[in-house]
There are 2 protein chains.
Amino acid sequence: MKIEFRPATADDLELLLAWRSHPEVYHHFSEQDEPLVWENHLEWWQSRENRRDWIIVINTAEQWRDVGSVSVADLETETPEVGVYVGEITSWGNGIATDALNFITDWLREQNYAEARAKIAKDNEASQNLFEKVGFERISSTEESEGEYLIDL
Amino acid sequence: MKIEFRPATADDLELLLAWRSHPEVYHHFSEQDEPLVWENHLEWWQSRENRRDWIIVINTAEQWRDVGSVSVADLETETPEVGVYVGEITSWGNGIATDALNFITDWLREQNYAEARAKIAKDNEASQNLFEKVGFERISSTEESEGEYLIDL
């Protein structure tokens, strides 16, 4: 499997909305508990600031396709927040999100950030394992519903 | 709301996969009971014959977006099979599927077909009402899990 990352554009909005409207995806988003409404999705897109979004593109059987999204927000701070999801849920478990996190930490290093953070729901063990595998460490209490994770870049 | 229909292309495959992987959408597909796997999706696309697929495109607030799919299969027969779904599930109930069915019955009339059919799951009351509204009539027994509907064009 080959993997690449291209900047998301307004042409990707329908695909992002469809991915983020799947219950197994938005279940892990603290700010969302139902399928997205287009107007809210568009407003989110148009009001983004200090944030970058990429589409994860993979190649299997000599064909490229879009499978998910990786992002970094709060770029005006010293500790930007990283997020990732694989929207093509039948491709979970293939290492795609790991590669995407390595891509984003490399990108942040190149931009001279010294650390990054992530928020992960307490019940999202898969993401906890994923972020810990690439070097994030939990810094908040295990009592909270959402854990704060940090990485030194 | 304005609505148009454009032929689906290979560039739409990720969006079609994402829509068809939502449980509230595939729940009504007799041949599918879980999220789609890319390889199967691609194989379906490449092996299509005597079939046409369109993307439903709507315009609200002066912006166009893709929201679903309408199709017709078995075009080599005298009674092609019509199918429709709105993948953007937060836009259900806005008359989009009704407009799509009217589009496809008009298209079939222009191609000189005299009738068309549809299969609808017994528990899918929304689709039953939708197809009956545009002129389809149930022709199979109400005992079966999937009902056969017919329209004279």
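Since the structure is predicted, the reported quantities are computational estimates derived from the model, not experimental observations.
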| message | I want to check something: taking the side chain as every heavy atom from C-beta on, are A:Tyr26 and A:Gln32 in contact at a cut-off of under 4.5 Å? | response | yes

So, the part of B:Ile89 with a heavy atom under 4.5 Å from chain A: the answer is side chain

Using a 6.0 Å distance limit plus a 45 degree cone around the ring axis, check whether B:Arg20 lies over the aromatic ring of B:Trp44. yes

Establish, yes or no, whether a centroid distance under 6.0 Å links the rings of B:Trp107 and B:Phe5.
no

Only one of B:Arg117, B:Lys119, B:Arg138 passes salt bridge (Lys or Arg N to Asp or Glu O under 4.0 Å) with B:Glu148, and that residue is B:Arg117

Cut-off 4.5 Å, heavy atoms of chain A, and the answer for B:Glu34 is neither

Scored by heavy-atom pairs under 4.5 Å with chain A, the best of B:Ala18, B:Ala61, B:Pro35, B:Ser91 is B:Pro35

Whatever's closer than 4.5 Å to a heavy atom in chain B on A:Leu36 counts as backbone

Item to complete: Could you check whether the rings of A:Phe136 and A:Phe131 sit parallel, tilted or perpendicular, using 30° and 60° as the cut-offs?
Response: perpendicular

Applying a strict 4.5 Å limit to non-hydrogen atoms, the region of A:Thr60 in contact with chain B is side chain

